[in-house]
Structures are given as C-alpha cells and as structure tokens.
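So that the names make sense, note that chain A is the first sequence line, chain B the second, and so on, each numbered from 1.
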Protein chains: 2
Amino acid sequence: MSDRSRKTIKDVAAAAGVSIGTASRALNRTGRVSEATVIRVTKAAQKLGYQPDAIAQSLRLKSTKVVGMLVTDLSNPFFAGVIRAAEKRLQQAGYALLVGNTDNEKARERFLIDLFQRRRVDGLIAGPCESEDAEMLEELDRGGLPVIGFDRDFGAGQSGLHVDHRRAAFEATRHLLNLGHERIALLSSSSTLSPGRERIAGYAAALEERGIALNNALIRAHKSSMEFVASEALSLMSLRPAPTAFLCLGTRMLAGTLQGLRQNGLSVPDDVSVLTVGDTDLARLYAPSISAVTWDLESVGQMLAELMLRRLEEGESESEPRRIMIPTQFIDRESCAPPGHRPET
Amino acid sequence: MSDRSRKTIKDVAAAAGVSIGTASRALNRTGRVSEATVIRVTKAAQKLGYQPDAIAQSLRLKSTKVVGMLVTDLSNPFFAGVIRAAEKRLQQAGYALLVGNTDNEKARERFLIDLFQRRRVDGLIAGPCESEDAEMLEELDRGGLPVIGFDRDFGAGQSGLHVDHRRAAFEATRHLLNLGHERIALLSSSSTLSPGRERIAGYAAALEERGIALNNALIRAHKSSMEFVASEALSLMSLRPAPTAFLCLGTRMLAGTLQGLRQNGLSVPDDVSVLTVGDTDLARLYAPSISAVTWDLESVGQMLAELMLRRLEEGESESEPRRIMIPTQFIDRESCAPPGHRPET
DNA sequence: TAGCCTTGCACAAACGTTTTCACAATATGG
DNA sequence: CCATATTGTGAAAACGTTTGTGCAAGGCTA
C-alpha cells in the first residue's frame with residue numbers, strides 16, 4: 001500500500017515463482033504459458049498492485065502510445081472542442097494526447113515539433129499555423145511519423161481534414177446577397193491561415209457568382225484586439241455608400257463588430273445585418289440572435305482521431321492518404337434582414 | 001536527412017570517435033570531459049541531427065518531465081485558459097502537460113489517475129471533480145507523487161490553489177443587497193463541487209450579514225442543459241413574490257437565464273437584475289452588459305505551474321504545503337439596478 | 001521403443017540513455 | 001626523480017520491459 005518503491009515485473013515474477021519472461025507472457029497472454037501459471041502470475045500482480053511501466057514498455061516496443069497535437073491556441077473554443085473530442089477517441093484506443101500551443105508563431109511550432117519528436121510521439125496532428133510550410137511536415141511523414149493535417153495546407157501525400165470554410169463563407173455571403181445586400185463588409189482575423197484564406201475565397205466566389213465586383217475597401221483582414229475590430233467596424237460604417245451587412249469571420253470579429261455597432265447606436269438588423277462564420281454562445285444569445293454558419297466540433301475531433309488511428313494501426317501499408325471534408329450548416333436567426341429595412345421610425 | 005533510422009548517442013559517439021559514455025558526458029557537460037572532445041562530440045551530434053531519446057532518458061533518470069492534469073472538461077473556457085497558462089509555464093521549465101477529462105465522473109478520474117501513474121508523470125494537478133475524495137490523492141502525495149489541488153478539497157498535508165469563490169459570491173450578493181434587492185434567485189450548476197459549494201456559502205453569508213433568511217425556493221443548484229436553466233429561470237420568476245435579481249454561478253447558468261428572461265419579454269435590468277460569477281464574452285457584450293465577478297485565468301494557471309515546479313525542484317524536502325488563494329474582482333456593468341426600477345413605461 | 005512434435009519455462013539480449021568505477025596518462029609536489 | 005593528485009576516457013551496469021532462443025519433459029505416431 002504505502003510501500004515506497006513501485007512494484008516491477010520482477011517482483012511479480014518472484015512472488016509467482018517464475019522468471020520475468022514468463023511473467024510478462026502471462027500478463028500479456030502472449031506466447032506459450034500454461035493456464036495455471038497465468039492465474040498464479042495474475043494473482044500475484046493483483047496482490048502487489050503491479051502497474052506495468054509505460055516508459056519501459058515504450059522503450060522496448062518503440063511506441064509511446066502518445067500522439068501530439070499542434071494548435072495555435074488551446075483556449076480558443078473552436079480548438080478546445082476539437083481537442084476534447086480527439087482526446088476522448090484516442091483514449092479509447094489507448095493513446096494519450098499531448099497538446100502544444102504554437103501561439104501562431106513559426107518558431108514555437110518548430111520548437112514543439114522538435115519536442116514531440118524527442119518525446120517520441122507516435123503521430124502528430126497539426127492544426128493551422130502561420131506560414132504553414134508543408135515541407136517540414138511532409139518530411140516528417142515520409143520519415144515515418146504519421147502526420148494528420150487539420151485545416152492546414154499540406155503536401156500531396158498526406159492525410160488530413162478540413163472544415164469546409166470556403167463553402168461556409170460562400171453560403172453565408174449568398175444568404176446576404178439573396179436578401180438584397182450588395183455592399184457586404186468582411187472582417188477576418190487572418191488571411192494567411194488556411195481557414196481565413198478559404199473563407200475569403202468563398203466570399204469572393206459568392207460575389208462573383210452574382211457579378212458583383214470585389215471591393216477591397218470593404219475587406220479588413222488582420223488579427224487584432226476586440227477594441228480595434230470595433231473601431232474597424234465603425235470606420236467601415238462611415239464609408240459612403242456604407243455597407244449594409246457585416247460578415248464576421250471568427251468569434252473575436254463578431255464580438256468586436258457588435259461592440260462597435262452598439263457603441264454607435266446602430267441596431268441589428270434594422271441598420272445593418274450581421275452574420276458570423278463560427279457559432280458561439282454570444283451569437284446564439286445576443287439580442288438579436290446572430291445568424292451563423294456552424295460545424296460540429298466533436299465530429300471534427302473524432303474524425304481527426306480516427307484518421308490518426310487508421311494510420312497508426314495500418315502499420316507500414318501507408319495506403320493512399322485519406323482526406324476528409326467536414327460540412328457546415330447555416331443557421332438562420334434574427335440578425336439578417338433586407339437592406340434599408342427599418343420597420344418603423 | 002531522409003535517413004530512415006533515428007540517430008542514437010551511439011552514432012554520435014562513433015562519429016566523434018569516443019565511447020558513448022563520454023559522448024553523453026560531453027553533450028550534457030557533466031563530469032570530466034576535455035573541452036576538445038566536447039566540441040568534437042557536439043559537432044558530430046549536430047551533423048547527424050541527433051536528438052536524445054526522452055523515453056530512454058526517462059527510464060534511466062526516473063523522471064518523465066511530464067505533469068498530468070485532471071479537469072472535468074478541458075473545453076470549458078475557465079479551464080482552457082488555466083490549462084493554457086499552466087502549459088506555457090511548465091514548458092519553460094522543460095515539462096510537458098498531459099491533460100485528461102474526467103467528465104466529472106469518479107470512475108473516469110480513477111481511470112485517468114491510474115493512466116497517469118502508469119505513464120509515470122512527475123506530478124499531478126487535480127481540478128475539482130465529483131466526490132472529491134481527498135484520501136486517494138493524499139495517498140499518492142505521500143507515496144511520492146507531488147499533487148497540487150485546484151479548486152478542490154484535499155488533505156491537510158497537500159499544496160493547492162483556490163480561486164476565492166466564496167468571496168466572489170459574497171461580494172456579488174452584497175452588491176445586489178446594497179441596491180436594495182432582498183429576493184435574490186441563485187442558479188448554480190453544482191452544489192457538490194468545491195467552487196459551487198463555496199459560492200453558495202458566500203451567497204448565504206452575505207444574506208446572513210444583512211439578517212435576511214435563506215429562502216430555499218430561490219435556489220436552484222443542479223447541472224443541466226441551457227434550455228432547462230431557461231425554464232428554471234422562468235419558474236423562478238413566476239414565484240410570488242418574484243425574485244428581483246438573479247445571481248448566476250457559471251457561464252451556462254447565465255446563458256440559460258438570459259435566454260429564459262428574453263423569451264418571456266422580461267428586460268434587464270428594468271424587470272430584473274442579473275449578475276454573474278465568472279466573466280465571459282457573453283457577459284461583456286450582451287445588451288445590456290452583465291455585471292460579473294472575474295478572476296485572472298492566466299495567473300491561476302501560472303501559479304498552479306509554479307506550485308508544481310517548486311514541489312518538483314525541491315526534491316525530497318517537501319517542506320510545508322503551500323496554499324494560494326486567488327482573489328476575484330467585481331466588475332460593475334449595466335445589468336443591475338434597484339428593484340422596481342422601470343424608468344419609463 | 002525410438003524418433004519427433006508439442007508444451008512450458010528460464011535465460012539473455014535488446015531498446016537508448018546516464019553514471020559509477022576503474023584505469024591510464026598526465027600534471028603536481030617535495 | 002619518485003610519489004601522489006588530477007584529468008580524461010572506456011567498459012559496464014542499471015532503468016523495466018518484451019521477445020527470440022534453447023532446453024527439458026512429456027505425449028504422440030510408427
């Protein structure tokens with residue numbers, strides 16, 4: 001119980017009166033062991049409270065049963081939900097998930113990849129990161145470390161998963177167009193990461209479909225604080241002609257936009273329509289509730305884990321890379337109305 | 001480069017023309033090695049792209065440089081922020097953080113602790129969990145595994161950190177009392193976990209200070225979906241006399257309450273005041289903005305890491321257990337007004 | 001009954017490190 | 001110049017597993 005030293009398989013073997021080799025085979029039910037000794041060894045192990053040392057096993061078996069995951073910010077709810085689901089699924093398969101924050105810095109990503117390699121992770125899930133250089137990960141993958149990309153550009157031979165950000169933004173934009181909006185402001189936190197790029201492309205595609213020229217003055221794409229986004233929103237509203245709708249890409253953009261509009265007494269959707277890609281509590285519960293495009297974080301995490309597990313189980317057969325596209329859903333709420341709405345006044 | 005097999009210290013030693021013992025000493029700058037060989041070995045290591053195998057090191061050194069963290073739900077933003085900060089600080093010290101979700105189930109907690117032990121984590125940070133039995137963790141701690149509690153009851157000899165939930169709720173309640181409220185509804189997600197218990201105690205203490213009797217009809221404390229919370233809020237409002245203020249303990253409670261009030265056309269703060277313990281985007285940006293009690297997630301995470309690191313570094317000296325109480329701040333916003341406010345109508 | 005196959009086990013090697021010990025070579029002191 | 005520190009190095013043990021190999025004992029076929 002309160003025994004200082006941990007029990008090793010040696011202790012178990014001694015207690016059962018067999019060699020450590022047999023003890024191991026008995027516990028793992030591998031190789032040829034008589035049923036009698038299996039029972040004897042198992043009992044001894046139980047009595048001693050023996051737990052196999054995962055480190056020693058890793059060393060011997062050349063597999064740590066750990067997969068690493070790279071993410072810009074684990075406290076971002078869109079990642080947190082994915083991580084949660086991925087961890088759950090991996091755990092079922094006996095794997096642990098080691099998460100690292102890149103803070104969207106290339107240097108930190110490098111550092112973490114290095115760290116994960118030293119720790120001998122069995123696989124790597126790589127989320128979007130600044131300057132997603134595919135080569136490094138591709139090299140790792142070729143070098144024998146399974147790499148699964150997540151919302152991230154990667155080499156031709158790799159497996160990965162993408163949320164369909166392009167279609168998400170496309171549908172959101174089209175919804176606004178269908179309401180009659182033509183000047184749609186776009187607020188994005190990033191135009192360099194894959195999700196941001198894809199979303200902007202979807203926005204552009206929807207406009208093009210309607211033959212509306214892209215107006216760069218309406219697009220603001222840089223990461224920034226909520227306060228700055230608020231002022232951006234206001235500066236957009238002071239354009240002439242002013243935009244009649246806001247498409248917010250990401251939760252922080254939505255928060256800033258709402259704050260900015262509210263500070264200036266602009267009401268949604270009477271003065272301006274608002275739509276967001278990426279659903280949050282804020283969008284759901286704001287008054288008025290904000291229409292949003294959403295996707296299932298849990299299934300994203302689960303699929304990521306699944307992809308990784310397949311790569312891990314299938315051994316060397318590597319097969320063809322698997323790619324998954326996660327669909328998105330548009331949720332219509334109260335924040336969108338035809339332009340020039342203003343019911344009374 | 002694309003070399004299949006990983007380089008070991010053996011390769012480095014061979015390349016530098018020394019024994020593996022000296023290679024190790026040279027790389028770690030430990031023991032007596034001539035400066036010349038240090039340089040030679042270092043160069044060889046660099047050329048080969050040698051990375052020491054953390055697994056082998058762990059086995060030999062009996063330290064994995066990993067700390068485990070137990071949390072009910074890593075996607076809960078209050079935990080996510082803490083985890084993020086803790087991971088950052090631990091990483092600076094060369095430790096990795098392995099997180100596990102208990103889903104607030106005792107069985108899962110048991111399972112994870114077992115898992116962490118098999119993986120030979122160097123330390124354990126244990127967040128609140130259903131039926132926080134202190135004995136198990138205490139035994140672990142005595143058994144040589146440093147355990148740091150987080151918002152969790154634990155044994156007398158253990159170190160830990162608490163957010164001052166009691167005072168948070170106390171101050172929130174007092175603020176409402178000062179405005180003249182006497183019937184304050186309380187919505188809490190849990191009365192069993194330490195934070196929930198403490199908050200309810202704080203609420204009760206503030207009422208008692210004013211000589212107001214605790215009215216159990218005004219208290220709803222169970223974990224539940226947002227929709228159910230909404231209906232709870234409505235049922236509370238249909239009491240006669242109806243509560244004039246809502247104190248929401250936790251973000252989901254706030255969300256449900258706001259939804260319920262809004263569905264029934266009740267306005268904040270004119271019809272009812274609302275106050276929340278635990279600040280979120282929703283509280284900040286809702287119209288009206290919701291007064292809240294907040295605390296710094298980042299410093300919580302950092303302190304947790306710090307406590308753990310001290311335990312880890314100080315070796316066997318164990319010293320006296322360290323305990324830290326994290327203060328909270330009250331943020332007054334727009335959601336509270338004297339009862340019977342109703343400016344116009 | 002001789003030969004052979006099967007079964008059950010012990011022994012030892014291996015995984016990649018760190019570290020203790022011993023030993024040679026060189027430096028130091030009288 | 002001899003005795004003694006000091007320094008640099010290599011050999012080997014150890015960490016706790018898993019697994020290949022060998023060997024003895026017993027059961028089977030012919």
Thr102(B) vs Asn104(B), test: side chain to side chain donor-acceptor pair (under 3.5 Å). Steps then yes/no.
CA-CA 5 Å; Thr102(B) 62; Asn104(B) 202 15; 5.3 Å; no
Where the side chain of [X] is defined as all heavy atoms beyond and including C-beta, which of [options] is the nearest nucleotide?
{"X": "Arg32(B)", "options": "dT7(D), dG16(C), dA10(C)", "value": "dT7(D)"}
{"X": "Asp53(B)", "options": "dG10(D), dG16(C), dT17(D)", "value": "dG16(C)"}
{"X": "Arg25(A)", "options": "dC11(C), dG16(C), dT17(D)", "value": "dC11(C)"}
{"X": "Thr22(A)", "options": "dC9(C), dG10(D), dG16(D)", "value": "dC9(C)"}

Quickly work out the [X] [atom1] to [N] [atom2] distance and round it to whole Å.
{"X": "Leu27(B)", "N": "dT17(C)", "atom1": "CG", "atom2": "P", "answer": "9 Å"}
{"X": "Arg40(A)", "N": "dG8(C)", "atom1": "CZ", "atom2": "C1'", "answer": "11 Å"}
{"X": "Arg118(B)", "N": "dT17(D)", "atom1": "CZ", "atom2": "P", "answer": "12 Å"}
{"X": "Asn28(A)", "N": "dG16(D)", "atom1": "CG", "atom2": "P", "answer": "17 Å"}
{"X": "Leu59(A)", "N": "dC15(C)", "atom1": "CG", "atom2": "C1'", "answer": "4 Å"}
{"X": "Gln51(B)", "N": "dT17(C)", "atom1": "CD", "atom2": "P", "answer": "10 Å"}
{"X": "Arg120(B)", "N": "dG16(D)", "atom1": "CZ", "atom2": "P", "answer": "8 Å"}
{"X": "Glu35(A)", "N": "dC9(C)", "atom1": "CD", "atom2": "C1'", "answer": "15 Å"}

5'-most contact on DNA chain D: Ile20(B) or Leu61(B), nearest heavy atom basis?
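This one resolves to Ile20(B).
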Quick check on DNA chain D: between Ile9(A) and Val33(B), whose nearest nucleotide comes earlier from the 5' end?
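First, find each residue's nearest nucleotide; the 5'-ward one identifies Val33(B).
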Base, sugar-phosphate, or nothing for Ser24(B), non-hydrogen atoms under 4.0 angstrom?
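Answer is base: heavy atoms of Ser24(B) come under 4.0 Å of a base.
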How long is the gap from CG on Asp103(A) to OG1 on Thr72(A), to the nearest 0.5 Å?
8.0 Å
For Arg110(A), is there an ion pair with Asp114(A) - N to carboxylate O distance below 4.0 angstrom?
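No, Asp114(A) and Arg110(A) are not salt-bridged.
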Any [X] side-chain N or O less than 4.0 Å from OP1/OP2 of [N]:
{"X": "Ser34(A)", "N": "dT7(C)", "result": "no"}
{"X": "Lys62(A)", "N": "dG16(C)", "result": "yes"}
{"X": "Thr37(B)", "N": "dT9(D)", "result": "yes"}

Inspect the surroundings of CD in Glu298(A) and state if more than 12 heavy atoms from other residues, nucleotides or ligands are less than 6.0 Å away.
no
Record whether the side chain of Arg6(A) comes under 3.5 Å of the base of dG16(D) through a donor-acceptor pair of N or O atoms.
no
Shortest non-hydrogen separation from Ile55(B) to Ser58(A) and the atoms involved:
CG2-CB, 3.8 Å
